[in-house]
Amino acid sequence: MTQFPTGRWLSALAPWLGVLALNCSADPGSPPPGGGPSSAGSSNVAGASSSNFAGAASSAGGGVSVNPLGRAKCNAPPGATGSPRTIEEAITLLNALPKPTNVACFVESLDRPFTAYATNSVFSAQPALSTRSPRVFIKLNNLRISIVIDGDSSYLLEFSYLLDDLHTIKGEVKTPIDQALAPSAPYDRVHSGEGTTCGVCHYGEEQVLDITFAAAFASIPFRPRPETYVSLDGLAAEARACDWVAEPHRCELLSALFDNGSVTEEAFPPAMPTFY
């Protein structure tokens, strides 16, 4: 496990700092009681094909699957895993994918099955656009990757590596990516002064000493408030009904999420606090 200092922790931010929430991120949380997946297990989301559009995905002459926008399906190439377990492995996968690489290509390349959780919360540096286009947390063991289905935030990939229920290492990259990223890129983007921009809201920030190639920091994670929960079943229905002509960017992300294998909905540790 990654080690970090356990000494000095900053005090919890006062409630009035909620107005600053648009400058920080939230880690995935549990759904409302009776209104979402149980913390004891996962609920299955039926495979959602968003093929209800004119000119459905087809195969090119060489047998390569092409989406309605003309982009070939992205797969993890040799030397990169489609099941990254660390932020560094996620960057290796990003670097190995065709350039320019967008969020949809990255999500599409991830191995299935995986678990996910969606929220319409706007209290984040990567806020959800709406219930139709929420923020989605993809969980791959201790690595959580958050995406937003549409809007300005949909060009960001946010990473959160879970050390334990109350500490995560955070990083972020902006897409499209047209050249290989340095391993330090996700940490460099959020680095600010003696910490990170995440530390504005995620208190208790401390540098992770065994990451020697970058200034990486661990801090307290947050889970979205229960009332912001968005059902993956509902989101899968959005994928099936998506209009590729009217909303090509949104449809591409929904297709990348649901059209490549099983996605299940899972609650996250209830020990994680909410931001307010």
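Only this structure's heavy atoms are used, side chains among them; waters, hydrogens and symmetry mates stay out.
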Problem set entry | Co-membership, hydrophobic cluster, residues Val190 and Tyr161, 4.5 Å side-chain | no
Seminar exercise, completed: Between Ile87 and Pro186 the two heavy atoms that sit nearest each other are CG2-CG, 3.7 Å
Exercise. Which pair of heavy atoms, one from Leu156 and one from Arg189, lies closest together, and at what distance?
Worked result: CD2-NH2, 3.6 Å
Exercise. Under 30°, 30 to 60°, or over 60°: which ring-plane class applies to Phe106 and Phe159, parallel, tilted or perpendicular?
Worked result: perpendicular
Problem set entry | side chain to side chain contact (heavy atoms under 4.5 Å, CB included) assessment of Arg85 paired with Leu140 | CA-CA 6 Å; Arg85 293 295 184 262; Leu140 304 172; 3.7 Å; yes
Exercise. Taking atom types as modelled and ignoring hydrogens, do the side chains of Asp259 and Ser255 form a donor-acceptor contact shorter than 3.5 angstrom?
Worked result: yes
Exercise. Parallel under 30°, tilted from 30 to 60°, perpendicular over 60°: which one fits the rings of His191 and Phe217?
Worked result: parallel
Problem set entry | Ala128 versus Val122, closest heavy-atom pair with distance | O-CG1, 3.7 Å
Problem set entry | Leu254 side, atom CG; Glu252 side, atom CD - distance, nearest 0.5 Å | 10.5 Å
For this session: May I ask you to say whether Glu108 pairs ionically with Arg71, meaning some side-chain N is under 4.0 Å from a carboxylate O?
Result: yes
Seminar exercise, completed: Per side chain to side chain donor-acceptor pair (under 3.5 Å), Arg135 is matched among Ser121, Ser124, Ser154 by Ser124
Exercise. Looking at Ala239 and Phe258, what are the two nearest heavy atoms and their distance?
Worked result: CB-CD1, 3.8 Å
Problem set entry | side-chain contact (heavy atoms from CB on, under 4.5 Å) partners of Ala76, counting only residues at least two apart | Leu93
For this session: Considering non-hydrogen atoms only, spot the tightest contact between Glu88 and Phe213 and give its length.
Result: OE2-CZ, 3.4 Å
For this session: Take Tyr155 and Asn102, measure what side chain to side chain contact (heavy atoms under 4.5 Å, CB included) needs, and give me the verdict at the end.
Result: CA-CA 7 Å; Tyr155 297 93; Asn102 62 13; over 6 Å; no
Problem set entry | Heavy-atom check, side chain of Leu129 versus side chain of Asp152, under 4.5 Å | no
Exercise. Out of curiosity, Arg112 CZ to Leu257 CG, how far, rounded to the nearest 0.5 Å?
Worked result: 6.5 Å
Exercise. Can you tell me how far OH of Tyr117 sits from OG of Ser146, rounded to the nearest 0.5 angstrom?
Worked result: 13.5 Å
For this session: With the side chain counted from C-beta on, respond yes when Leu162 and Ile169 share a heavy-atom pair under 4.5 Å apart, and no when they do not.
Result: no
Exercise. Would you call Glu247 and Glu238 a side-chain contact if the rule is heavy atoms closer than 4.5 Å?
Worked result: no
Exercise. For Ser160 and Thr168, what are the C-alpha separation, side-chain angles and deciding distance, and is it a side chain to side chain contact (heavy atoms under 4.5 Å, CB included)?
Worked result: CA-CA 6 Å; Ser160 177; Thr168 57; 3.3 Å; yes
Exercise. Are side-chain heavy atoms of Ser83 and Leu110 found at a separation under 4.5 Å?
Worked result: no
Problem set entry | Single-linkage hydrophobic cluster Tyr187~Ile145, side-chain heavy atoms < 4.5 angstrom | yes
For this session: For residues Thr101 and Thr175, determine if any side-chain heavy atom of one lies less than 4.5 Å from a side-chain heavy atom of the other.
Result: no
Exercise. Does a side-chain N-to-carboxylate-O contact under 4.0 Å join Lys170 and Glu205?
Worked result: no
Problem set entry | Over all atoms of both residues, closest heavy-atom pair of Phe114 and Lys139 | CB-O, 4.0 Å
Exercise. Short question: side chain of Asn75, backbone of Ser109 - any donor-acceptor pair under 3.5 Å?
Worked result: no
Problem set entry | side-chain contact (heavy atoms from CB on, under 4.5 Å) partners for Ser153, two or more places apart | Gln126, Pro127, Val148
Problem set entry | Close side-chain approach of Lys73 and Asn260, heavy atoms under 4.5 Å | yes
Problem set entry | Residue pair Arg250 / Ser133, side-chain donor-acceptor N/O under 3.5 Å | yes
Problem set entry | Within 6.0 Å of NZ in Lys174, more than 12 heavy atoms from elsewhere | no
For this session: Give, for atom NE2 of His249 and atom CD1 of Ile149, the distance between the pair rounded to the nearest 0.5 Å.
Result: 9.0 Å
Problem set entry | Heavy-atom side-chain contact between Leu97 and Cys74 under 4.5 Å | yes
Problem set entry | Inter-residue atom distance Leu235.CG - Glu265.CD, 0.5 Å rounding | 9.5 Å
Exercise. Does a side-chain heavy-atom distance below 4.5 Å link Leu143 with Thr86?
Worked result: no
Problem set entry | Residues forming a side-chain contact (heavy atoms from CB on, under 4.5 Å) with Asn120, sequence neighbours excluded | Thr131, Thr228, Val230
Problem set entry | Rounded distance (nearest 0.5 Å) linking atom CG of Asp188 with atom OG1 of Thr196 | 12.0 Å
Exercise. Passes side chain to side chain contact (heavy atoms under 4.5 Å, CB included), Val263 versus Thr115? Steps please.
Worked result: CA-CA 6 Å; Val263 179; Thr115 62; over 6 Å; no
Problem set entry | His167-Asp164 side chain donor-acceptor pair, cut-off 3.5 Å | yes
